[in-house]
Structures are given as C-alpha cells and as structure tokens.
Amino acid sequence: MVVAERKPIEEILDMIKEFDKVLLTGCKGCVTVCNAGGEKEVGILASALKIARKKEGREIEIDEITLERQCDPEYIDQLEDPISKNNYDAVLSMACSVGPQYIAKRFDTVLVYPMLNTSFIGGSLEHGVWAEFCQACGSCAIHNFGGLCPIARCAKSLMNGPCGGSSGGKCEISPETDCVWHLIYERMSRLGQLDKLGNVVMFKDWTTSRDGGPRKIVREDLKQ
Amino acid sequence: MAAKSGNSKVGSVMVVGAGIAGIQASLDLAESGFYVHLVDASPSIGGLMPQLDKTFPTNDCSMCIVSPKLVDAGRHLNINIISNTEVDFVEGEVGNFTAHLVNHPRFIDPVKCTGCGVCKQHCPVTAVNEFNEGLDRRAATYIKYPQAVPLAYAIDRETCIGCGLCEKLCLAKAVVYAEEERRSTLEVGAIILAPGNEVFDPTAFDTYSYAHHPNVVTSLEFERILSASGPYQGHLMRPYDREEPKSVAWLQCVGSRDINHCDNGYCSAVCCMYAIKEAVIAKEHSHEPLDTAIFFMDMRTYGKDFEKYYERAREEHGVRFIRSRVHTVDPVEEGRLKIIYTDEEGKSLEEEFDMVVLSSGFQPSKRTVELAERLGIELNEHNFAETSSFEPVKTSREGIFVCGAFRDPKDIPISVMEASAAAAAAAAPLVESRFTLTKTKELPAERLVAGEEPRVGVFVCNCGINIGGYADVPAVRDYARNLPNVVHVEDNLFTCSQDTQEKIREVIKEKDINRVVVASCSPRTHEPMFQETIREAGLNKYLFEMANIRDQDTWVHQNDPQGATQKAKDLVRSAVAKAALLDPLEQTVLGLNKVALVVGGGVAGMVAALSLADQGFPVHLVEKTGELGGNALKLRKTWKGEDIGSYVKDLVARVQSHEHITLHTNTQVVANTGFVGNFDTILEKVDDPEQKTTVQHGVSIVATGGKESRPTEYLYGEDDRVLTALELDSRLKEDGNGFKNVNRAVFIQCVGSREPERPYCSKICCTHSIESALQLKELNPDMNVYILYRDIRTYGFREELYKKARAKGIIFIRYSLERKPQVSNGSGSLQVQVYDPILGRDLVIPADALVLASAVLPNEAKEVVRALKVNQNAEGFFLEAHMKLRPVDFGSDGLFLCGLAHYPKSIDEAIAQAQAAAARAATVLAKDVITLGAVKAVVEPDKCAVCLTCVRTCPFGVPYIGEDGYAVIDPAGCHGCGACVAECPGKAISLQHFTDKQLIAKTEALLLKEIGEAAAGK
Amino acid sequence: MKAGSNLEKMFAAGHFAVTGELGPPRGADAGHIHEKAKYLKGIVESVNVTDCQTAVVRMASMAVCRLLLDMGIEPNLQMVCRDRNRLAIQADLLGASALGIKNVLCLSGDHQKFGDHPQAKNVFDIDSMQLIATCKKMRDEGKLINDHECEGIPKFFIGAAVNPFADPFDFRVTRLKKKIDAGVDFLQTQCIYNMEKFRTYIQQANDLGLTEKCYIMAGITPLKSVGMARYMQKFVPGLDVPEDYITRLKGVDKKKQGDEGIKIAIEQIQEMKEMKGISGAHVMAIEWEERVEEIVSGAGLLPRPDVS
Amino acid sequence: MRLNYPTNIRIINVPCTGRVDILHLLKAIEDGADGVYVVGCLEGDCHYLTGNLKARKRVNYVKKLLEEMGIEPGRVEIYNLSAAQGPRFAEIAREFTARIKELGPTPVRAGGKAKEKAA
C-alpha cells in the first residue's frame, strides 16, 4: 500500500491560516490502513485544527468527509455536493498525493491542500510500524535476490552486494535500518543459492521507472 | 436404574427469615430452578442490614448495597415473600414437607397498598419507632423504611386507636381493620432457617447505666444515630441534648464472653469490627475533632482486610484502643459519663466521655428458640442451631438447613456465604424437581422506538438526604425540564424504592417516554435494577442512562452545596445528551455447557465438586499434586473434636467414585478462553507439558488453597524442638506419646501474621494452638503449657475452648509487636524470654517444645491467575467481586472461589464456602441459555478497511477477518473493553452503548453549556 | 600494460607498492593541494584523490588529479556512483583520460545522509561493480555502456575498494571475486586494524586464487590517539579496532600516542610486506600527510624503486 | 468513602480506559475543558489486560499534539489507581485541579473570548 503520514500541525496551520471554512477529506484506501488519513485521523485533525484556531481566537469551520477512495474520479464526484453547497475556502485532502490532485482536477476553482506526506510503497511490520518495500521501478527482479528488493531497500540501490558500510546486519545510514543485502545474503544462504550472488549484475534499465517519465498503464481490453 | 416416582419431591423451598442470609439463599435457589417461599415475621424483608449505617471493612453504605438485593428478591418471579408470618410447625420429610404458617394481620392489604403514605401522614397516633431503635417515633400506620420491600404500609394495632382516618383516606381501599390472624400451609421440598439473631439487651447491666441514661446507647442504636435515614438524619448527636459529642467510648463484649452478667460465654464475633467502624465513621461525621476510645479485652479483627482496617483506625484516624476491663459507667454532670476501668496491669483508672456505646453481642431470640423447638431442631448449649463442622448448614432434622447468625454469630459475608451454601444443600435432594414449580416472566414486547424522536424522562433522586441534603434537588429537577428532548421530570425521595419503580413504569407508558435518565447514586449498584424497570415498561433496557449525582457529587462535595447542585445539573444535562442518542440493543442468547471446572483438590475443591456433582452437573476436578485432600491431610481434629482424617478419607472416596466427577490429578490449568457458559480450558500434566487436555465447561470454581508459611525467626529450622503448628499436628497424629515427657511447651502466636510485611490475621491459629495445647495437656496433665499471644481470637463458640484452656491451667501471656519474645538455645536448652505485661517484667521460660503459629499463605497459583485473569489482593489472596455481598464470586461472570485461596479459614467455613461457590455456580448451570450483555464492539462492514488494526489491538484475540472480507468480532468472545474501537482508523467499529457519538455528546453537553453559562456573566 | 601508470608498472615489476591519499579542500584554494601533496611526492607511487568523501562537497576529484599531475605526482581518480548517472560517469571518464589520468578507483560512495548536504537526491544509477565494468568496457572494447564506439579509447588502470571487515563477513570474498570478474586491476582495502580477521580474509582470497588475478593493497591508517581509535571502533561502520591497540595507545603518554600509532602502522606494513597475496600498502593518513614519509620509511620502503 | 474533592471535576464513564480515543480527549479540549485526565487501573491490573497501557500511549500522543499547537501538554494526563484507592482518587482530583489552576484557563476558551470582545 501507499504509506503516508500526516504533515506537522504547524505546517498545516500555516497552509490554512487564511481560511475560515474548509472541507477536510479522508480516504478509506491505503491511508486508512496506514492510520494516516481514514475517518479517525480526519476527526483528530479536524479537532486539533479547531483547537489551535480557537486558541488564536479565530475559529475555523471544518466539515469532514471520508471518501471510499480519492484515486477514482467517481468517488471524487461525491465531493460535488458539499463543495457546491458550501462556500469552502479550501479543500484539504488526507489522501495520498493522488487525492488532492484528483480534487484539483475535478474542481477547477477550488484550492486544494495536501494534509499528508506520501512516504512510500510499503507494508506494516507490526501495529503502528510501516516500512518501505518497493520503489516502483517498473521491472521487478526480486526473484534474483531471494525475493527481497535491493533497489528499494538498499540505501544505495546496490545490485551487487552490500557496501562496506554493512555492519551487524544494519545499514550505515541508521542502526534502525536493516541492511537488505545482509538479509538477501542470509536468505540466499538458506535457499542454497549463494552462487547466484556471485555473478555480476549488470546495468539496470530504468526506462520503466519514473526516470522514463510519468508512467501510464493502458489495458486496451478494459479501456472503454 | 430404579424408576423414580415422577416429581414426587416438591420443587420449592421455604426460607424462614428474610435477612440478608434468607434473601441470598432465596435468590440462589430461585435462580437455580426452585420456587421459594420467603417467610418473615416482619412486615418487610431485609433483617438487620437496613438498620446499619456502613459496613466494614469497605465502609459501603449498608442500605445502598442491600437495597438492590431487596428489590431483586421483591421482584423475583420465583420468590414469594410472605410477610408478617411465622412458622408454626412442619410435617413430613425431606422432599415433602407441609409447613403450617401463622399469618399475622397487617391490616393493610399489601397488594392494594401503593405505598403513597397518605395514611401515615394523617395518623394521629405516635408510637416508638423500632426501626430507629426507639430513638424517635413514628405513626401507627407505618412502613419500616422508605426502600422497604414489599413497599406496603402496616398498622401497628397495639398503638392504633382505631380512629378510622386512614381507612377513609385510603384511595386504594387497602386498609382492612377487620383482618384477623390466618393459618395457611405450604408444600415444600426443603426448608432453610435463617432467622438471624437479636441484639443483646444490656438493660440488666445496671453498672453500665444503659437503662437510665440516654447517652449510653447500644451499638445498633448508634448505627441509627450515624445513619442518614436515622433519627438525626446522620448528624452525630447524643440523645441527651442533641449536642454533638466531643468524645465517645465503646465498651466491648457486652453480652458476650460473659457468664457473670449473662449466659453468653461465646464471642459475638463481629463487635470488635463494628466498634472500630463506628468510631471511624463517627469521626468522619463529626464537625469538631472527635475523641473515640474502644475499651476491649482482645481485639478480634480476624477477617479479610480487618487487621488493616484496625491499623488504619489506630494510625490514621487516631481511634484509641484501651486494653482493659470496664466495671462501671457512672453518669456525671451535663449528660457526661465516667468510665471506671482496670487496665492490663491491674490499675484502676477512670475517664469521662460525652457518650458511651455498648458493643452488644448477639443471641437467638426467644421466638427463634421456640421455633426450633417446634421444628424439632437440636440446639447447642447457647441456643444456636447445632451443626457439624463437616455439614455446616445441615440441622439435626433431615431436609431442614440453617444459615446465618442462627448457626453461630457471624458477619455479613459469612452469612451470605452460608446462605448460598444452604441453597446448595437444600437443592441437592430436590434436583429431580428443578424447574417444576418455577414461573417464567412474561415481559411485554419491546416497544419499537427506532425512528421516534427521543422523549426523555428524567428522575432525580434525593436518596433520602444523601443527595437532597446537599444538592438542591428541586432545582436540578426544574433545570432538567428545559433540556432538549426532555418530556418528563420528577424527583423522588428514593428512586430505587418499589413504588418509584412502579411510578417510572407508569409514567413511561403515560407519556410515551422512550429514553430514561435517572440521576441518583451509582450505576455500579443500581443500573441493572432501573434497566429492568424500564424493560418491564416495554423499553429496551439500553435506553437508560444514569447521572451519578450521589457517589460522584453530593457525597464528595458535602461542603459545597452550590457546587454540588451545579455539578448535578451538568451531569444530568450530560446524561440527557447521551440518552437522546441511545439505541435499543439486542442481547445475544447462547447455549451453555452445563459442566463445571473446579481447580484445587483440597477439601474446598472436593466439596464444591461434590455439591455440583450431586446436583447432577458433570465436574472436572483438577489437582496439581497426585493426591486429593490438601492441607486437611495434615490436620487432626476440628476444634470441636471431630476427626478430620476419616472425613477427608470419605470425601476422597466419594469424589473418586462419583459418576459425574472427572478427576485430573498431577494436572494444572494453563490456558482458558471463552466466557460464562462456554469456557475452554487447557489442562496440562504437571510432569509432562506435552500431555494436554481441553475441557469445555460453563463455570469455574477456584479453590487453589493455601499453605502454612515457613517461619524465619524463633530458631525455626535451627533447633529441632521448634515446630510449626502443622508439624506438631503431624507428630501428634503419628505418635503423641513422644510428648508425654515434655515438661514445658510454649506456643508463640502471630508468627509471620499481623506484621508490617504481612498485615493480616491468619484467623485459625489461636483456636488451633489452644486446641493443640489442650491435647498436650491431655497427654501429660503436668505439662506446663504457655501460649504467647497478641490477642486471643477465639471468635464465636471457639471462646469455649479458650475458657477451657484457662481452666486447665494453660498460661496465656500477651506480648506486643514492639516487644516480641526472644528465643535462644545457648546452653543447650531452649529458652523463651517474654515480657509479661501483667507482672510488668520479663519472664524466661525454659521450653522442651516451641510451637510457632505460623501464618497461612495463599498458594501462588500463578497459572490460574494468568489463565483465568482473576485478581489477587496485595497478600496474594483472590479478590472477590464484593467483600460483603458477593463473597464467593469473582468479578468476571462464571468464576467463583472458595477455601484458603480466598482467606485463611477453618474447615467448616471452607466447606460452607465451597458449597456456596457450588450454589452460585448452579445459578449459571441450571439455566439453559446465557444472555450476554450488549456492550460489545460491532463492525460496520462498509467502513472496514480490513487493516487488521482490531485484530492486532484486541487483548483477547477476538476479531478476525471473515470470509466476506471485513473484520468480524464475535459478541460471545468480545469483552466490551473498546480498545479496538478507539484504534480503528476507519471508525468502522463502535462499542455499543459507548459510541463515539454518545461519548462526545456527553462531553459536549458537559463543557459547552458550562462555558455558555460562564459567558452569560455568571 | 593496460594504462601504463606508475602504479601499474610498480606492480608489474613485482615491487611492494605504496599509495597515499589526499582529500581535496572544501573550497577553490589550489594552494592547499600543493601544501599537502608535497609531503607525498616521491614517497608513494600514486595518490588517491577522494570524490566528495563522506558526502561532503569538496573540490572535484578530477580537477585535483590534474593539479597533482602538474606537480609531478600520479593521481588515482576516485569516482563514486552517488552523484552521477551513467551519462556523467562516462563523460567524466573520457575527460579524465584526456587529462592524463591513468588510475581510476571505482566506488559506490558514502551515503549523503551523514554528509553536508543530506537533503540532496542521490543517483546510484549504476553501482561500483558496474562502474568497474564500465571502465573495463571502455578500455578493452572501446565502447560505452550502450555499445557506442568511443572515438579515442581511454586507458585506465582500474581500481576499487574492498572492506574485509564489513558484514556479512563470508560474503566479502565473494564480493572481491565479483570485482575481479567485473574487471578490476587493483584493490585497496579499508583500513586494517584487526590483523587476525584480515589474515583469514586474505587466506580465503588466496585459496580461491583471487590474489593472483589482481593486486591487493592493504589499507593502513595510523591511529592518532585513543579518542580516534574509539571513534573508529564505535562510529565507523565496518571498522574493527581491536582492544589490543587501544590498550597499547593508552599505555603511553597522551602526547606520545600519535607516535605509538605510527609505530603500529609501521609494524602492520612490515607484516603486510611478508603476507602472501598482498602487493602493496595504501596509506591513508588523513590530515596527517606530513607523517606519511615517516611511516613508509619506517617500513623500510624508502627510497621508492624507479620503474619509469 | 465520601472523600471531598473539588467540584470542578466531571466524570464521563467508559468501560475501560482502552475505550478512550485520542478524539475524545481532543474533543474535551476543543469544547473548552481546562484539562482532561484519564483514570485507569494500575498498570498490570487492567481488567482487559492492556487497555490502560494503550490509553497512556494515546494520552502521550495528545500531549505531543497539544505541544505542537502551543498548548500546555500538562492539560492532559493519565493516572492509574485501583478501586481500593479512594483517597488517591480524591488526591488526584485535587492535584490535577491545582495543576490546572497553575496553568490558568484554557487558551482555547480565552481565544474565543478575545474574539467576542473584538467583534
């Protein structure tokens, strides 16, 4: 899933300092699962912002709505009603950054603000902890690495083994970060495939990655 | 199997005496399938408890805790309360008794009487008010107290002048002047006697000036003086001049431990504790610092948490304790009294007090004794029912059982325990007739309120003066009238009384009320009762909300009436806000596994198992060791001299051969899941953890027992001549002759008990040591036997043993914690040095044997604690649901406890408690279904993001992702804590009855209005 | 000869080679380079010029290399993959060759997280292994990565770094082998303190015949003080300073700890000289260039043989 | 036990402190409470095992959030005590009241008032 986290309250307060009435939108997709932008977080943020603004002596009106997803135009259409009926100064989105872009695209004259920092494609390690697992390079080759991705999970995206900074299974950038190459080594060792790691992996073709420009997938069979 | 003659046994039980014991026995029987006739000579049930102010050691308000029980009994479909009635005689035998009753006239028909009280208001006659122990007066038409059950008036024809005013005024036409004594009969299968005791009347003690001086009162009179519903509305005053006393003295053992002034040689068992309690509460009631002094011989604070209470009274509250003998109480000027007493050293001293309370003992009343004679029940020398230690609730007549104070003097929890035990014992012979005579309740269909606008009814309680005395209740009531959605408001003296309940039911119907708010005491004690009331009026019971304006308001803001009133308004407003959002909830009904799990194969565990098995319920009995019997295997005799060895042998044999008992020895409980009615417990062989069994059962009884501590002082373990009490028992059991040559034996009491690190009394050691001392004396009459003690705690009839010991020449020397005996063996002989307070000097006793009365400890039972999630107190004893009224229940439904794991106790008490646990368990097992509460986490599938938060958050592992792709929470497993609800990122889970909307509405109502008022320039 | 550099020749002649290291300044002052480089001239075969080492912005490696050439010192151009994609890397290599740089050291590069621009975006289009292959392909096939023929073929003596002390230890020799497979000519190791572990490593490499296929230079960094030793032990990932050395440094007066460090370095080089599979020493006396001579001389390696 | 404590405390009952949501605490502050505290069982004694530990984490989260907004984190607190600690309950009520008095009225309400005056 896309993992995101809420922006610092201060940054958000600064974004919305001119506004007196806003619509705060959540998303029931990935950001609900990663506890960043579901109905609960929408409620918490709304309350926090109201508290902060009350404290400043300038109350703000915040309507809350959580959409099924903010990455499908049909769901974004559900904002039509509240936006047209209320004179919002801005719409705030607690979806991943796809959400605010969809809202912006759909509502030409409405100011849209992202409330989250979209962090990575990842998964939860345990309740309340998420980690990055994929960089969306567009040509998955993790089977060569025991099923672990060195592109996303090595700080240097090394493809030929751990750099000299690997220490005790941890990456040189932080003792909290696993050295994925260490994990790959261990797993390949368990799989009896260490020999595979002995071959030099040559240049990766990044054209399928974002380096090839904004990507699009078209399924002709599905496209109307 | 031989064919039984159908329902030849009558499926009903007569309970005689409706004090707390009679009520508890009735409730347990009625809940386990028997119809109960609850007979009491008084016009209302409740016995002594409603007269008490507070109860020790929790200081709970007595009326508050008993009132729900009264109401439960009063409204129970299968309890037939027969008031103003005495039992004449009983024919027949167990299974088929015919009880002949004498129904005294009440002169007011309890069925017609609405309890409106108009008759009382207009009655021109005044009479002495017995309920207030004669401290004030009442009318001739009267009701004992406002919460009385049945809530119906009666006419005291002895004082009534027959003016006929009440008859004319009674709109209900309930007054029946012409009523005469009737006779009636009841067919019952068994009988339980719970007639209780009467308080000893100290009139005959002229030296205490009780008869002539108003400021000398009995302890029960003092309870009424302290009580908010008493003659002085809870203001501490002395009767002489209605002035607040500055000093009060308590004289202990009045009518107890005394064969000079009266014939009551026994100890009344509760007076020490109630005197301490009265002293502490009096201090709390007093506006000025109050001096309190308790004159006593031995301080007998032997029950659970009693010793700590005693310590607190002394250390924190400054109650004075004076070890002495009082010989006279002389009136001096201005209503004061001079106490002349002898202290321990024999010095005569005197001191003046404003008031003197006589801690009166208890005895069976003449009426009780006569009843016993008519029923052919054997009594002991003190006129109490004769029972054996091994069948503590069985009388000499088959089918007739006894519980409560008529068996021996005792406190409330033990009475309640025995009452349940008696219920179990009475049920056993009638098992085949279970549910043959019971009725089922026809509840009106629930009114559908969905879609209706909220119509809230608000009932504000004065709780006598508990609330009304501090907060302005009419103002709160009027304030509530203007709150949104409120369509009805009223205030009542006691909202919990039966007449108010009736009124609530009527007004709900009359005004189409669909949400009810009661502002009163505490949901903890009263919510279920009010919920039932509204259910009877056709409302779903969850359409009820309570504002706690007593426990959390007037009781804690007594010094700020304005603040209390404002807070009451806020709380009512908040409750109304939530009420408007309440939804009717459906309770889940589940089948149950009519099997019991008993953990612990000592006497308590075996008795509990047998009691249930005899009632036909399959039992799994789990014992950690390879042997049944526990501590009893080491014991010789009961204090009464009954042989424990043969009893235990017989018990073990019965357990082993019982068709309904599955025995698991060398086994322990390792895990438990499920809930009342449907538990799964994993058992594991102690020596082979691989060998596991899962048992399915509906209830669990924990009887993990206790053990004797290993002393760490007095040369124990260093010198062979130093033994523990149980070691002495074993030696005496093997071959007592070894002690024939012992010339001097010394017992030291309280070894490891009543010490700062173990601040409780082990309860059984005084009796045990004296009994052993007597045994030694018997082996060698020339032996010098010394018992070094801190207080001799031979409560109840055990006092006889103490008396006997002194008569036999056993020497008792008191020591204090500050000056403990010293033991040495320097020169080869054992020397015990102790300070004798009577002689005022140290004594050195050369001893051939030293016996240490070491503390009783609970067994650790870690696995049980972890698996069953039950709580222990600081000392490691299990914590019951309520100290007073739920002594064998755990806080969690379906779990019960008994035996030493609860607290040190003698074998008869352990047996009674085990039977009690069985009775309580039977109230679950007898039923065919379990109805679950509806406070459960509920998933809204549409909103579920399947994120697993709930799965990961739930401490009990209940939620799972179902086949349909959303989280599923099984209501049967859900404990209703709400942890997942607070964490769910999609707000897909709500906790019924505690939804976000409801909680936030409560908060908003509390705060926003408050600010509003503040802003309005208040 | 692959590139005909001084270093290559020294190896070819079978001498125990010595290289030094120089960190470019965090500014445009070329004088600084002259100041430091003079201590190395004639003492070592060639000098590594770091490439924004520890991800701190410094004068471009290639420029400093050119300055050294002007001073008559042979440079080893260090090149990291962090800051350049394959376009820039190849362009730079072509340029370096044109400037007369003959030794290239192919590195992944320290992560920018601990550098002076942690906000920077890193590149890592290719890794050090692929960089080696790139150099080799350009030199041996005369082709760029995309197989485009070079007009004018760059000639490099290709080097890389290895860290025998990083984890997982057992994978370290594999990595050495991979670098050889990718086309490396010489390897410099991370600074060595744990001699025992290093011996095991070299033994493994010898056993696989890897030391026959490329020249391995032992990395030596003299310890300046107990503090430095502790710092390296604790904070430099993959560095392993045995307690013995620390005890030794502690055993002398604080002012003499540097001398003791130099002594240790000399002893190490002396042992390396005799070790099978070791072809030289890479002396990294960072900010201590003035004492390199003392070390090399102490190890009995001066004067340097003339192989030109 | 009827131990007196200040009348400014209002209690909202929940089945377990584990039910207490970050949102509930924020709402109380938003609605103008000068302070809000959670009272749970002693740590290790939660009837529902870990509810009070969860509550503590949530209270800490709210503290942090308030701090970010320039509101004293001391306005939110969690206390643990057992049902047998009546006197401690009263003590906590007094303690917290004293703390709030020290902090003064909530800036949330003060801000509101300032606006009214300005209007």
Side-chain angles (χ1 to χ4, degrees), chain B residues 58-61 284 305 316 523 546 548 551-560 562-567 570-571 574 578 869 871 873-874 879 891-892 935 953-956 975-984 987 991 993-994 996 999-1000 1002-1008 1010-1011 1014-1015, chain D residues 1-34 36 38 40-42 44-55 57-58 82-84 86-87 89-90 93-94 105-106 108-110 112-113 116:
Chain B
T58 49
N59 285 0
D60 278 326
C61 155
E284 280 179 8
D305 279 1
E316 287 173 30
M546 206 155 170
N548 187 332
D551 291 22
Q552 290 173 5
D553 188 7
T554 57
W555 271 5
V556 292
H557 308 311
Q558 286 161 347
N559 46 9
D560 183 3
Q562 250 186 320
T565 304
Q566 183 54 48
K567 182 166 169 179
D570 291 348
L571 293 173
S574 178
K578 178 175 172 185
K869 298 166 197 97
N871 293 324
N873 70 8
L879 213 55
S892 305
V935 178
T953 311
C954 178
F956 304 99
H975 287 56
C977 69
C980 61
V981 181
E983 212 105 323
C984 174
K987 287 280 173 212
L991 185 65
H993 212 57
F994 292 95
D996 276 346
L999 291 176
I1000 289 168
K1002 266 187 117 163
T1003 316
E1004 259 174 14
L1006 269 181
L1007 293 160
L1008 293 180
E1010 200 180 8
I1011 299 159
Chain D
M1 286 200 210
R2 312 194 185 184
L3 301 159
N4 275 283
Y5 60 79
T7 52
N8 54 314
I9 308 287
R10 301 283 182 275
I11 298 172
I12 292 178
N13 62 321
V14 286
C16 169
T17 53
R19 171 67 190 98
V20 179
D21 198 318
I22 289 165
L23 187 63
H24 301 156
L25 301 173
L26 285 175
K27 279 284 179 194
I29 298 291
E30 183 189 327
D31 291 343
D34 292 315
V36 48
V38 178
C41 297
L42 292 172
D45 275 354
C46 176
H47 182 66
Y48 302 105
L49 308 182
T50 52
N52 49 1
L53 305 179
K54 294 186 173 92
K57 288 181 187 164
R58 296 180 196 141
S82 83
F89 183 88
R94 285 190 292 267
T106 169
V108 171
R109 233 189 305 173
K113 271 190 188 157
E116 273 166 34

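To find a chain, count down the sequence lines: A is the first, B the second, and so on, and within it residues start at 1.
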- Task: Quick one: do B/I1000 and D/L23 satisfy side-chain contact (heavy atoms from CB on, under 4.5 Å)? Show the steps, please.
- Result: CA-CA 9 Å; B/I1000 289 168; D/L23 187 63; 4.0 Å; yes
Over all heavy atoms of both residues, which pair between [X] and [Y] is shortest? Give the atoms and the distance, please.
X	Y	answer
D/P15	B/C977	CG-O, 4.2 Å
B/A982	D/R58	CB-NH1, 3.2 Å
B/F956	D/Y48	CZ-CA, 3.6 Å
D/T50	B/P955	OG1-CB, 3.7 Å

- Task: Look up atom OG1 in B/T1003 and atom CD in D/E30, then write down how far apart they are to the nearest 0.5 Å.
- Result: 10.5 Å
- Message: Once rounded to the nearest 0.5 Å, what's the spacing between atom CZ of D/R10 and atom NZ of B/K1002?
- Response: 13.0 Å
Heavy-atom proximity to chain D below 4.5 Å, by part of [X]:
X	answer
B/T953	both
B/D996	both
B/K869	side chain

Close side-chain approach of [X] to [Y], heavy-atom, < 4.5 Å:
X	Y	result
B/N548	D/I11	no
B/H975	D/C16	no
B/L999	D/R19	yes
B/K987	D/D21	yes

- Identify which part of D/V36 has an atom lying under 4.5 Å from any heavy atom of chain B, answering side chain, backbone, both or neither. neither
- Main-chain N/O of D/N4 paired with B/H557 side-chain donor or acceptor, under 3.5 Å: no
- Distance-only, no hydrogens or angles: does the B/K567 side chain make a donor-acceptor pair with backbone N or O of D/I9 under 3.5 Å? yes
